[in-house]
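In this chain, numbering begins with 1 at the start of the sequence shown.
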Amino acid sequence: MSPLCIVLAVMTVAFAAGCVTFRRKGKAFEGMMCKFMASFGFISVAVVGYGLNPKNTYYFCLVCFALMFGFFGDVLLGIKEIAPTFRGKLIPLGTLYFLAGHIFSLCAFIRIGGFNLPALIIGLLGGVFAVVMMRVLKMKVDKKLASIMTVYYAALVYKVSASGVLAFTTRSPAFIAAFIGSVLFLLSDSCLSLLYFTPVKKKNIWVTVELSTYYPAQILLAMSVALL
(Lines give C-alpha, C1' and ligand atoms only; values in the text may rest on other atoms or scores of the structure.)
Protein backbone atom coordinates (compact mmCIF):
# COMPACT_ATOMS: atom_id res chain seq x y z
CA MET A 1 0.00 0.00 0.00
CA SER A 2 1.17 3.51 -0.79
CA PRO A 3 2.66 5.49 2.12
CA LEU A 4 0.43 8.39 1.07
CA CYS A 5 -2.68 6.29 1.74
CA ILE A 6 -1.31 5.44 5.17
CA VAL A 7 -0.65 9.12 5.90
CA LEU A 8 -4.19 10.03 4.82
CA ALA A 9 -5.61 7.25 6.97
CA VAL A 10 -3.63 8.50 9.99
CA MET A 11 -4.88 12.05 9.39
CA THR A 12 -8.43 10.75 9.15
CA VAL A 13 -8.01 8.94 12.46
CA ALA A 14 -6.67 12.15 14.00
CA PHE A 15 -9.75 14.14 12.91
CA ALA A 16 -12.00 11.30 14.10
CA ALA A 17 -10.28 11.40 17.49
CA GLY A 18 -10.86 15.16 17.54
CA CYS A 19 -14.53 14.59 16.81
CA VAL A 20 -14.83 12.13 19.71
CA THR A 21 -13.01 14.49 22.07
CA PHE A 22 -15.10 17.55 21.19
CA ARG A 23 -18.35 15.58 21.35
CA ARG A 24 -17.49 14.30 24.82
CA LYS A 25 -16.85 17.89 25.93
CA GLY A 26 -20.18 19.05 24.52
CA LYS A 27 -18.59 21.17 21.80
CA ALA A 28 -21.01 20.30 19.00
CA PHE A 29 -19.73 22.70 16.32
CA GLU A 30 -16.05 21.77 16.70
CA GLY A 31 -16.99 18.11 16.76
CA MET A 32 -19.04 18.54 13.60
CA MET A 33 -16.13 20.19 11.76
CA CYS A 34 -13.74 17.39 12.75
CA LYS A 35 -16.37 14.89 11.64
CA PHE A 36 -16.61 16.50 8.20
CA MET A 37 -12.82 16.48 7.80
CA ALA A 38 -12.62 12.84 8.84
CA SER A 39 -15.37 11.97 6.35
CA PHE A 40 -13.49 13.79 3.60
CA GLY A 41 -10.38 11.89 4.67
CA PHE A 42 -11.72 8.41 4.04
CA ILE A 43 -12.92 9.43 0.59
CA SER A 44 -9.40 10.73 -0.09
CA VAL A 45 -7.93 7.36 0.92
CA ALA A 46 -10.05 5.59 -1.71
CA VAL A 47 -9.36 8.15 -4.45
CA VAL A 48 -5.60 8.24 -3.86
CA GLY A 49 -5.48 4.47 -3.45
CA TYR A 50 -7.12 3.96 -6.81
CA GLY A 51 -5.01 6.64 -8.49
CA LEU A 52 -1.82 4.89 -7.40
CA ASN A 53 -3.15 1.38 -7.95
CA PRO A 54 -5.97 1.42 -10.57
CA LYS A 55 -6.89 -2.27 -10.41
CA ASN A 56 -10.68 -2.37 -10.62
CA THR A 57 -12.53 0.72 -11.84
CA TYR A 58 -16.02 -0.66 -11.16
CA TYR A 59 -15.19 -1.59 -7.58
CA PHE A 60 -13.58 1.80 -6.98
CA CYS A 61 -16.55 3.73 -8.39
CA LEU A 62 -19.09 1.78 -6.34
CA VAL A 63 -17.07 2.11 -3.13
CA CYS A 64 -16.49 5.80 -3.81
CA PHE A 65 -20.25 6.37 -4.19
CA ALA A 66 -20.78 4.46 -0.93
CA LEU A 67 -18.29 6.69 0.88
CA MET A 68 -19.74 9.86 -0.64
CA PHE A 69 -23.24 8.98 0.52
CA GLY A 70 -21.74 8.32 3.94
CA PHE A 71 -20.17 11.77 3.83
CA PHE A 72 -23.52 13.42 3.06
CA GLY A 73 -25.15 11.35 5.79
CA ASP A 74 -22.48 12.65 8.15
CA VAL A 75 -23.27 16.22 7.10
CA LEU A 76 -26.97 15.80 7.85
CA LEU A 77 -26.45 14.10 11.20
CA GLY A 78 -23.74 16.64 12.05
CA ILE A 79 -26.14 19.52 11.44
CA LYS A 80 -28.55 17.80 13.83
CA GLU A 81 -26.03 18.32 16.64
CA ILE A 82 -26.01 22.11 16.24
CA ALA A 83 -29.65 22.46 15.13
CA PRO A 84 -31.64 19.94 17.21
CA THR A 85 -34.89 21.58 16.11
CA PHE A 86 -34.60 19.71 12.80
CA ARG A 87 -33.73 16.37 14.45
CA GLY A 88 -37.01 14.75 13.36
CA LYS A 89 -36.27 15.39 9.68
CA LEU A 90 -32.50 15.04 9.62
CA ILE A 91 -32.29 11.58 11.24
CA PRO A 92 -34.53 9.82 8.65
CA LEU A 93 -32.85 11.71 5.80
CA GLY A 94 -29.37 10.89 7.08
CA THR A 95 -30.38 7.25 7.49
CA LEU A 96 -31.53 7.14 3.86
CA TYR A 97 -28.19 8.51 2.68
CA PHE A 98 -26.32 5.86 4.65
CA LEU A 99 -28.71 3.22 3.30
CA ALA A 100 -27.80 4.29 -0.23
CA GLY A 101 -24.14 3.98 0.74
CA HIS A 102 -24.65 0.41 1.98
CA ILE A 103 -26.43 -0.50 -1.25
CA PHE A 104 -23.49 0.76 -3.30
CA SER A 105 -21.12 -1.24 -1.10
CA LEU A 106 -23.28 -4.31 -1.62
CA CYS A 107 -23.20 -3.79 -5.37
CA ALA A 108 -19.38 -3.59 -5.18
CA PHE A 109 -19.18 -6.90 -3.30
CA ILE A 110 -21.68 -8.62 -5.59
CA ARG A 111 -19.81 -7.29 -8.62
CA ILE A 112 -16.68 -9.06 -7.38
CA GLY A 113 -18.07 -12.21 -5.78
CA GLY A 114 -21.42 -12.70 -7.50
CA PHE A 115 -24.85 -13.15 -5.96
CA ASN A 116 -24.97 -15.37 -2.86
CA LEU A 117 -28.39 -16.55 -1.68
CA PRO A 118 -27.38 -17.45 1.92
CA ALA A 119 -25.93 -13.94 2.33
CA LEU A 120 -29.24 -12.45 1.20
CA ILE A 121 -31.20 -14.66 3.61
CA ILE A 122 -28.96 -13.57 6.48
CA GLY A 123 -29.61 -9.96 5.48
CA LEU A 124 -33.37 -10.48 5.54
CA LEU A 125 -33.10 -12.12 8.95
CA GLY A 126 -31.17 -9.03 10.05
CA GLY A 127 -34.17 -6.91 9.10
CA VAL A 128 -36.51 -9.18 11.08
CA PHE A 129 -34.17 -9.02 14.07
CA ALA A 130 -34.23 -5.21 13.86
CA VAL A 131 -38.05 -5.21 14.06
CA VAL A 132 -37.94 -7.49 17.10
CA MET A 133 -35.32 -5.34 18.87
CA MET A 134 -37.22 -2.13 18.21
CA ARG A 135 -40.17 -3.63 20.05
CA VAL A 136 -38.17 -5.31 22.82
CA LEU A 137 -36.21 -2.12 23.57
CA LYS A 138 -39.33 0.02 23.06
CA MET A 139 -37.50 2.41 20.75
CA LYS A 140 -39.17 5.75 20.21
CA VAL A 141 -39.63 5.59 16.44
CA ASP A 142 -42.71 6.26 14.32
CA LYS A 143 -43.92 3.79 11.69
CA LYS A 144 -42.15 5.55 8.83
CA LEU A 145 -38.78 5.59 10.56
CA ALA A 146 -39.29 2.01 11.78
CA SER A 147 -39.78 0.91 8.16
CA ILE A 148 -36.64 2.74 7.07
CA MET A 149 -34.63 1.19 9.90
CA THR A 150 -35.88 -2.30 9.03
CA VAL A 151 -34.72 -1.97 5.43
CA TYR A 152 -31.54 -0.28 6.63
CA TYR A 153 -30.54 -3.12 8.94
CA ALA A 154 -31.45 -5.73 6.36
CA ALA A 155 -29.10 -4.02 3.88
CA LEU A 156 -26.36 -3.56 6.48
CA VAL A 157 -26.45 -7.19 7.64
CA TYR A 158 -26.55 -8.30 4.00
CA LYS A 159 -23.47 -6.15 3.44
CA VAL A 160 -21.71 -7.84 6.37
CA SER A 161 -22.57 -11.34 5.17
CA ALA A 162 -21.71 -10.61 1.50
CA SER A 163 -18.33 -9.12 2.43
CA GLY A 164 -17.73 -12.06 4.78
CA VAL A 165 -18.32 -14.54 1.98
CA LEU A 166 -16.01 -12.54 -0.28
CA ALA A 167 -13.27 -12.40 2.37
CA PHE A 168 -13.52 -16.13 3.04
CA THR A 169 -13.51 -17.20 -0.61
CA THR A 170 -10.79 -14.86 -1.88
CA ARG A 171 -8.60 -14.51 1.26
CA SER A 172 -7.69 -11.11 -0.18
CA PRO A 173 -6.47 -8.42 2.27
CA ALA A 174 -8.77 -5.97 0.47
CA PHE A 175 -11.93 -7.93 1.21
CA ILE A 176 -10.83 -8.96 4.69
CA ALA A 177 -10.51 -5.23 5.39
CA ALA A 178 -13.96 -4.63 3.86
CA PHE A 179 -15.49 -7.39 5.98
CA ILE A 180 -13.98 -6.08 9.22
CA GLY A 181 -15.16 -2.60 8.26
CA SER A 182 -18.70 -3.89 7.64
CA VAL A 183 -18.80 -5.59 11.06
CA LEU A 184 -17.58 -2.39 12.73
CA PHE A 185 -20.27 -0.42 10.86
CA LEU A 186 -22.94 -2.76 12.23
CA LEU A 187 -21.60 -2.27 15.75
CA SER A 188 -21.44 1.51 15.28
CA ASP A 189 -25.00 1.80 14.01
CA SER A 190 -26.31 -0.44 16.79
CA CYS A 191 -24.79 1.98 19.33
CA LEU A 192 -26.22 4.92 17.41
CA SER A 193 -29.72 3.42 17.46
CA LEU A 194 -29.53 3.05 21.24
CA LEU A 195 -28.33 6.65 21.55
CA TYR A 196 -31.06 8.09 19.35
CA PHE A 197 -34.08 6.06 20.34
CA THR A 198 -33.61 4.73 23.89
CA PRO A 199 -32.96 6.53 27.20
CA VAL A 200 -29.40 5.20 27.62
CA LYS A 201 -27.28 6.28 30.55
CA LYS A 202 -23.65 7.45 30.27
CA LYS A 203 -24.15 8.76 26.74
CA ASN A 204 -20.52 9.83 26.41
CA ILE A 205 -19.44 6.19 26.53
CA TRP A 206 -21.89 5.23 23.80
CA VAL A 207 -20.86 8.21 21.67
CA THR A 208 -17.22 7.19 22.01
CA VAL A 209 -17.92 3.59 21.01
CA GLU A 210 -20.12 4.66 18.09
CA LEU A 211 -17.60 7.06 16.59
CA SER A 212 -14.62 4.84 17.42
CA THR A 213 -16.13 2.05 15.33
CA TYR A 214 -17.66 4.16 12.56
CA TYR A 215 -14.48 5.80 11.30
CA PRO A 216 -12.36 2.62 11.26
CA ALA A 217 -15.25 1.02 9.35
CA GLN A 218 -15.19 3.67 6.64
CA ILE A 219 -11.39 3.80 6.53
CA LEU A 220 -11.18 0.02 6.06
CA LEU A 221 -13.73 0.14 3.23
CA ALA A 222 -11.73 2.93 1.57
CA MET A 223 -8.47 1.04 2.07
CA SER A 224 -9.95 -2.02 0.37
CA VAL A 225 -9.59 -0.04 -2.87
CA ALA A 226 -5.88 0.54 -2.24
CA LEU A 227 -5.34 -3.08 -1.17
CA LEU A 228 -6.76 -4.63 -4.34
Side-chain angles (χ1 to χ4, degrees), residues 1-20 30-79 93-113 155-156 158-160 162-164 166-167 170-189 210-228:
M1 183 186 298
S2 165
L4 181 55
C5 287
I6 297 174
V7 170
L8 287 171
V10 171
M11 291 176 62
T12 302
V13 170
F15 279 115
C19 177
V20 173
E30 291 85 349
M32 182 186 70
M33 295 306 297
C34 282
K35 191 173 187 180
F36 292 170
M37 291 303 297
S39 299
F40 180 76
F42 55 66
I43 296 174
S44 299
V45 170
V47 172
V48 172
Y50 176 76
L52 297 173
N53 182 34
K55 290 292 184 181
N56 190 315
T57 301
Y58 286 105
Y59 183 81
F60 161 70
C61 289
L62 291 169
V63 167
C64 206
F65 275 119
L67 296 172
M68 288 173 64
F69 273 101
F71 172 78
F72 290 125
D74 270 342
V75 171
L76 293 170
L77 296 182
I79 293 173
L93 191 56
T95 302
L96 288 172
Y97 270 93
F98 276 110
L99 173 59
H102 293 320
I103 291 172
F104 275 108
S105 296
L106 263 174
C107 291
F109 300 147
I110 293 172
R111 171 85 187 185
I112 297 292
L156 181 52
Y158 185 11
K159 172 182 173 178
V160 171
S163 61
L166 198 55
T170 65
R171 305 298 173 90
S172 165
F175 302 122
I176 292 173
F179 171 61
I180 295 172
S182 299
V183 172
L184 289 174
F185 216 127
L186 180 59
L187 177 59
S188 174
D189 277 352
E210 181 261 319
L211 292 173
S212 298
T213 48
Y214 169 69
Y215 283 108
Q218 292 286 52
I219 291 170
L220 286 168
L221 178 60
M223 290 183 73
S224 71
V225 174
L227 288 168
L228 279 176

Classify the angle between the aromatic ring planes of F185 and F98 as parallel (below 30°), tilted (30 to 60°) or perpendicular (above 60°). perpendicular
Restricting to non-hydrogen atoms, name the atom on G70 and the atom on Q218 that form the minimum distance, rounded to 0.1 Å. CA-NE2, 4.1 Å
Heavy-atom closest pair (V45 atom, A9 atom, distance to 0.1 Å) is CG2-N, 3.8 Å
On a heavy-atom basis, the closest approach of A38 and A16 is CB-N, 3.8 Å
So which heavy atom on N53 is nearest to which on L228, and how close? ND2-O, 2.8 Å
Are there over 12 heavy-atom neighbours, none belonging to F36, within less than 6.0 Å of that residue's CZ? yes
Provide the full list of side chain to side chain donor-acceptor pair (under 3.5 Å) pairs with a residue in residues 8-18, sequence neighbours left out, each pair given once. none
Using residues 171-181 as the side-chain source, report each donor-acceptor pair under 3.5 Å to any protein atom, sequence neighbours left out, with the distance given to one decimal.
{"from": "R171", "atom 1": "NE", "to": "F168", "atom 2": "O", "distance (Å)": "2.8"}
{"from": "S172", "atom 1": "OG", "to": "A174", "atom 2": "N", "distance (Å)": "3.2"}

Residues passing the salt bridge (charged side-chain N to carboxylate O under 4.0 Å, His left out) test with D74, sequence neighbours excluded, are K35
List the atom of V225, the atom of A46, and the distance in Å for their closest heavy-atom pair. CG1-O, 3.7 Å
Find out whether Y59 and R111 are in side-chain contact, i.e. whether some heavy atom of one side chain is under 4.5 Å from a heavy atom of the other. no
Test I43 against every option in V63, L8, L67 by the side chain to side chain contact (heavy atoms under 4.5 Å, CB included) rule and name the one that passes. L67
Is the closest side-chain donor-acceptor distance between T57 and Y50 under 3.5 Å? yes
Taking all non-hydrogen atoms of both residues into account, name the closest pair between C5 and A226 and its distance. SG-CB, 4.1 Å
